[in-house]
Amino acid sequence: MSYTVTKLADFSTAALDCAVRELLSALETEAESIRDWEQWKRFRDRWVARKNGILTQVRESWLKSAPTESKADVGQLFNRIKAQVEDKVDEIRQSTMSWEEERESGRPEESSAQSYSRASDAIRAIHLAKHVDVTLPGIRRPLGAEHPVIKTMNEIVGVFRNLGYSVEEGPEIETDYYNFEALNFPPNHPARDTQDTLFIAGQESKPQRDRLLLRTHTSPVQIRSMEKMRPPLRVVCPGKVHRNDAPDATHSPIFHQIEGLAVDTNITFCDLKGTLDHAMKALFGSSVKTRFYPSFFPFTEPSADVQISCIFCGGTGTRDGSPCRNCKASGWIELLGCGMVDPNVYGFVDYDPAKVAGFAFGMGVERIAILKYGVDDIQLFFNGDVRFLEQFA
Ligand code: DAH
């Protein structure tokens with residue numbers, strides 16, 4: 001009589017053992033009688049068919065009805081049975097396949113005893129070296145890709161590395177001293193306002209300069225680099241910064257900046273202009289022009305905003321006959337801040353302002369990526385949507 005899965009009332013070890021033995025012996029007996037491909041297919045469907053194969057029945061009637069305390073044991077048992085059944089189906093498939101091949105290649109028919117012993121040889125061989133089924137679809141291993149922000153950051157760093165800059169990094173959790181005080185921010189400068197800065201809670205007992213905050217820019221790494229090294233010095237400092245801004249298409253509370261600093265004995269504003277003009281051409285193409293527009297930062301004097309000629313309208317202010325929306329028809333796009341290091345800053349790092357001079361600059365990485373790739377919403381960089389991200393692979 002052919003085997004059927006019975007319902008279990010008793011989940012004791014002995015009862016489970018008995019049920020499993022009965023099942024596995026039926027598996028062996030049925031497997032032994034298989035002689036051709038059609039029989040194997042029937043055998044396979046009977047045991048592993050997803051809808052009503054014996055394995056599915058075992059899962060339904062043993063595993064699901066097991067009392068909670070036996071669930072884990074029955075689960076393990078089921079996994080063992082499943083592995084054995086699947087192995088058996090695979091073994092028999094392999095040997096059936098080799099008989100069929102031989103039959104097709106016109107060899108004289110073997111006696112069933114011969115073919116049985118050949119089949120068990122094959123099975124043993126399979127046991128020794130687990131067979132690879134070359135007919136199965138391969139396992140896809142998709143390659144990861146650089147995030148567009150990191151890609152842009154690396155590209156910018158690369159431009160400055162080629163100019164002889166080295167790379168420095170600093171902490172994202174900074175003290176008030178490095179983020180503001182040593183950068184010559186007066187005590188009640190608006191940038192210290194909680195509107196912009198995310199302060200770490202519970203710091204009130206400390207003196208102001210030791211209080212912790214999430215750095216609002218990468219400029220504190222200027223100070224840390226100057227504390228560590230003596231001039232001449234040329235560094236770029238890439239990293240993550242934080243501001244208390246509500247997210248929208250152009251703002252994100254977390255974004256990235258790259259800071260630059262060069263200090264030597266005879267650095268002038270011309271060096272700053274030449275360096276940034278070169279960098280913008282390297283990033284946006286050699287036809288891009290730069291313009292330095294007076295500005296203010298507490299740690300540079302004089303300070304400037306750098307604008308590049310609009311890469312969308314070629315600096316003309318009009319595109320397809322209508323005003324260019326990207327540069328508000330001005331022909332220029334503001335991109336970064338820069339200036340000559342304020343002598344007050346040298347006082348904090350023990351450089352002699354009478355002997356050294358230098359320039360600094362800071363740029364937003366997302367802003368550059370948005371322009372380079374024509375992205376219209378900064379949030380796309382942070383939503384983690386692979387359909388967006390894989391376009392940069
Ligand atoms: N830290 C400034 C900001 O986040 C950017 C900046 C401006 C950096 C001028 C500089 C600089 O090094 O010289 O807005």
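Read the numbers this way: they start at 1 and go in the same order the structure lists the ligands and their atoms. By convention here, the first residue in the shown sequence is residue 1.
- Contacts between Ala360 and ligand 1, counted as non-hydrogen atom pairs separated by less than 4.0 Å, involve both the backbone and the side chain.
- For Leu163, the side-chain contact (heavy atoms from CB on, under 4.5 Å) partners are Phe160, Tyr165, Thr275, His278, not counting sequence neighbours.
- Remark: ligand 1 atoms within the under-4.0 Å shell around heavy atoms of Phe297 are 7 (C), 9 (C).
- Close approach of ligand 1 to Gln257 (heavy-atom distance below 4.0 Å) involves ligand atoms 3 (C), 4 (O).
- Salt-bridge annotation for Glu174 and Arg224: present, with a side-chain N of the basic residue lying under 4.0 Å from a carboxylate O of the acidic one.
- Judged as a ring-ring contact (aromatic ring centres under 6.0 Å, His included), not a single pair has a partner in residues 65-98 (not counting sequence neighbours).
- Under the 30°/60° scheme for interplanar angles, the aromatic rings of Phe348 and Tyr177 are found to stand perpendicular.
- Nearest protein heavy-atom neighbour of atom 11 (C) of ligand 1: Phe299 CE1, 3.4 Å.
- Nearest non-hydrogen protein atom to atom 12 (O) of ligand 1 is Glu259 OE2, 2.5 Å.
- Listed by number with element, the atoms of ligand 1 under 4.0 angstrom from any heavy atom of Gly339 are 13 (O).
- Where the criterion is an N or O separation shorter than 3.5 Å, residue side chain and backbone included, Gly260 fails it with respect to ligand 1.
- Hydrophobic clustering of Ile, Leu, Val, Met, Phe, Trp and Tyr side chains at less than 4.5 Å, counting indirect connections, unites Ile311 with Leu276.
- By the 6.0 Å contact criterion, CZ on Arg230 is enclosed, its count of non-hydrogen atoms from other residues, nucleotides or ligands being greater than 12.
- The atoms of ligand 1 that sit less than 4.0 Å from any heavy atom of Thr300 are 13 (O).
- The shortest N/O to N/O separation between Gln222 and ligand 1 falls below 3.5 Å.
- With no hydrogens or angles considered, a side-chain donor-acceptor pair links Glu172 and His242 at under 3.5 Å.
- By the criterion of side-chain heavy atoms lying less than 4.5 angstrom apart, applied directly or through intervening Ile, Leu, Val, Met, Phe, Trp or Tyr residues, Leu183 is not grouped with Val221; the two fall into different hydrophobic clusters.
- Under 4.0 angstrom from ligand 1, the non-hydrogen atoms of Arg243 all belong to its side chain.
- With ligand atoms numbered from 1 in the order given, ligand 1 contributes 1 (N), 8 (C) to contacts under 4.0 Å with heavy atoms of Ser219.
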